[in-house]
Participant: 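My questions will all concern the structure given below.
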Amino acid sequence: MNNQRLEFGRPVSSKRRMKDLLLQKDNRFCADCNAPDPKWASANIGVFVCLKCCGVHRSLGSQISKVLSVTLDEWSSDEIDAMIEVGGNSSANSIYEAYFPEGYTKPGPDASHEQRAKFIRLKYERQEFLKPSLRIVSGKSNPPSSISKGVKDSFRITSDSQHMEGMVEFIGMLKVKVIKGTDLAVRDMMTSDPYVILKLGQQTVQTTVIKSNLNPVWNEELMLSVPQQFGILNLNVFDYDLFSADDIMGEADIDLQPLITSAIAYGDARMFDDMQIGKWLKSQDNALIYDSTVNIVDGKVKQDMSIKLQNVESGELDLELEWIPLDY
């Protein structure tokens, strides 16, 4: 079925269709905790969620919940079609919250991270609140055809070992734009097929592979949830190899303290004009090529940096970090 709508004889843009969906009454509140004005969505489940619940959704893995920002990410037409096919929070919750145990109450906007995480895992990962006839009991089972594709895609059970142990509270989101690499190391005959991996705590995100290029331009944005004890952001560059283990092309550790401390100290960046609010200084103990300043730019807290890759013969990376607070 083609969900493309027409307005005055012309196709309605994807952004407009998403905006119209978000403005529907039931989608103005988080599907999981009822917090107002959700700015995130699970594209394969078909629900809009707040930033606090978004952090838990991301911890489920994209095979269960593919999280996208309504305002920051580019959505494909297929992803928007899937959201529209589900119909939003009310339709999805009629399936995922069909049967609550007697006396059970879903968490509210002020719920703790532990309460929120437990509920979301029970709801989507373990499917505890579905009608019994819809629950997946084996990998060969399939939901009835009446359930939309967007919801079907979310019916995948992960290992029971993924429980609440080790869950931490997130304080915000980090958007890392991997801009480009310069003079990267040769790992094939004359060139390399580089890609970048970022690690923060237990989270790992990765850029696309760029074939045969020692000066690749990615301009690719990666999202990470930031835990309360956030530590160091680890960066590694690898050369993709089809037939053997990928070769390392350098690494670097990125100190997030200047960015996050400055951002929290200033609060709502939208209240300030463009200005510098912090700095990470170049030293022999870090990989910076130049001092890296933290700035408020158009109401957002950003930090540009040029990194010299470590433990490799050559290579530099240009990055842009952006802090996204919980109340964005």
Side-chain angles (χ1 to χ4, degrees), residues 26-27 29-35 38 40-68 79 82-83 85-170 173 201-205 223-225 227-228 326:
D26 292 332
N27 298 331
F29 299 88
C30 175
D32 298 327
C33 75
N34 290 321
W40 299 83
S42 173
N44 53 344
I45 294 175
V47 293
F48 294 97
V49 295
C50 67
L51 184 56
K52 290 183 179 179
C53 289
C54 160
V56 182
H57 274 259
R58 290 178 63 83
S59 73
L60 300 179
S62 60
Q63 76 278 9
I64 294 179
S65 183
K66 182 180 179 181
V67 178
L68 293 172
E79 289 165 343
M83 291 288 295
E85 189 176 1
V86 172
N89 292 354
S90 181
S91 297
N93 281 348
S94 70
I95 297 171
Y96 283 100
E97 298 181 359
Y99 286 94
F100 279 149
E102 185 176 353
Y104 188 92
T105 303
K106 67 186 291 185
D110 297 325
S112 68
H113 178 75
E114 288 74 19
Q115 294 170 325
R116 197 182 303 269
K118 181 178 180 180
F119 172 73
I120 290 172
R121 286 185 176 276
L122 288 174
K123 180 178 176 179
Y124 300 112
E125 185 178 67
R126 303 191 57 157
Q127 308 168 21
E128 291 289 338
F129 311 130
L130 266 66
K131 294 178 182 179
S133 61
L134 296 183
R135 293 177 187 166
I136 306 304
V137 295
S138 75
K140 297 180 181 179
S141 300
N142 291 306
S145 59
S146 60
I147 300 176
S148 69
K149 182 179 183 299
V151 176
K152 286 180 188 176
D153 289 344
S154 71
F155 286 160
R156 295 174 184 167
I157 295 298
T158 59
S159 169
D160 285 341
S161 64
Q162 294 182 1
H163 286 309
M164 288 295 300
E165 292 82 352
M167 292 292 290
V168 295
E169 183 171 0
F170 295 113
M173 304 288 288
Q202 300 300 311
Q203 303 167 82
T204 301
V205 291
M223 297 290 293
L224 293 156
S225 300
Q228 196 165 33
L326 286 176

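These numbers were taken from a predicted model, which means no experiment stands behind them.
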Participant: Between Asn27 and Asn89 (side chain of the first, backbone of the second, donor and acceptor by atom type, cut-off under 3.5 Å), is there such a pair?
Facilitator: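 Between the backbone of Asn89 and the side chain of Asn27 there is a qualifying donor-acceptor contact (under 3.5 Å).
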
Participant: Between Gly55 and Ser225, what is the shortest heavy-atom contact and its length?
Facilitator: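 What the structure gives for the nearest pair is CA-OG, 3.9 Å.
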
Participant: By ring pair (Phe, Tyr, Trp, His ring centres under 6.0 Å), which residues pair with Phe29, not counting sequence neighbours?
Facilitator: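 Ring pair (Phe, Tyr, Trp, His ring centres under 6.0 Å) list for Phe29, sorted by chain: empty.
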
Participant: Closest heavy-atom contact between Asp32 and Cys53?
Facilitator: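 Where Asp32 meets Cys53 most closely, the heavy atoms are CB-SG, 3.8 Å.
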
Participant: Kindly indicate whether the side chain of Glu128, heavy atoms from C-beta on, has any atom under 4.5 Å from the side chain of Tyr104.
Facilitator: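 With C-beta onward as the side chain, the pair stays apart.
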
Participant: Let me confirm one number: the CG-CD distance from Leu60 to Glu125, rounded to the nearest 0.5 Å.
Facilitator: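 Leu60 atom CG to Glu125 atom CD measures 5.5 Å (nearest 0.5 Å).
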
Participant: Nearest 0.5 angstrom please: Lys118 NZ to Glu114 CD, how far?
Facilitator: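 That separation rounds to 11.5 Å.
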
Participant: Can you list every pair that meets salt bridge (charged side-chain N to carboxylate O under 4.0 Å, His left out) and has a residue in residues 88-100, with sequence neighbours left out?
Facilitator: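 Of all non-adjacent pairs touching residues 88-100, those that pass salt bridge (charged side-chain N to carboxylate O under 4.0 Å, His left out) are Glu97-Lys106, Glu97-Lys123.
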
Participant: What pairs with Ala111 under side-chain contact (heavy atoms from CB on, under 4.5 Å), at least two apart in sequence or on another chain?
Facilitator: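 Listed in chain order: Pro107, Gln115, Arg116.
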
Participant: Contact between Met223 and Val205 at the side-chain level, heavy atoms closer than 4.5 Å - yes or no?
Facilitator: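 The answer is no, as the side chains (C-beta and beyond) never meet within the 4.5 Å cut-off.
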
Participant: Can you tell me which residue pairs pass the salt bridge (charged side-chain N to carboxylate O under 4.0 Å, His left out) test with a partner in residues 46-63, sequence neighbours excluded?
Facilitator: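 Pairs touching residues 46-63 that pass the test: none.
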
Participant: Could you tell me which residues satisfy side chain to side chain donor-acceptor pair (under 3.5 Å) with Asp26, sequence neighbours excluded, listed by chain and number?
Facilitator: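 Partners of Asp26 by the side chain to side chain donor-acceptor pair (under 3.5 Å) criterion, ordered by chain and then number, come out as Ser90.
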
Participant: Please report the interatomic distance CZ(Phe129) to CG(Asn93), rounded to the nearest 0.5 Å.
Facilitator: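 It comes to 11.0 Å.
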
Participant: Please report the closest heavy-atom contact between Ile45 and Ala92, naming both atoms and the distance.
Facilitator: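 The pair with the smallest heavy-atom distance is O-CB, 4.4 Å.
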
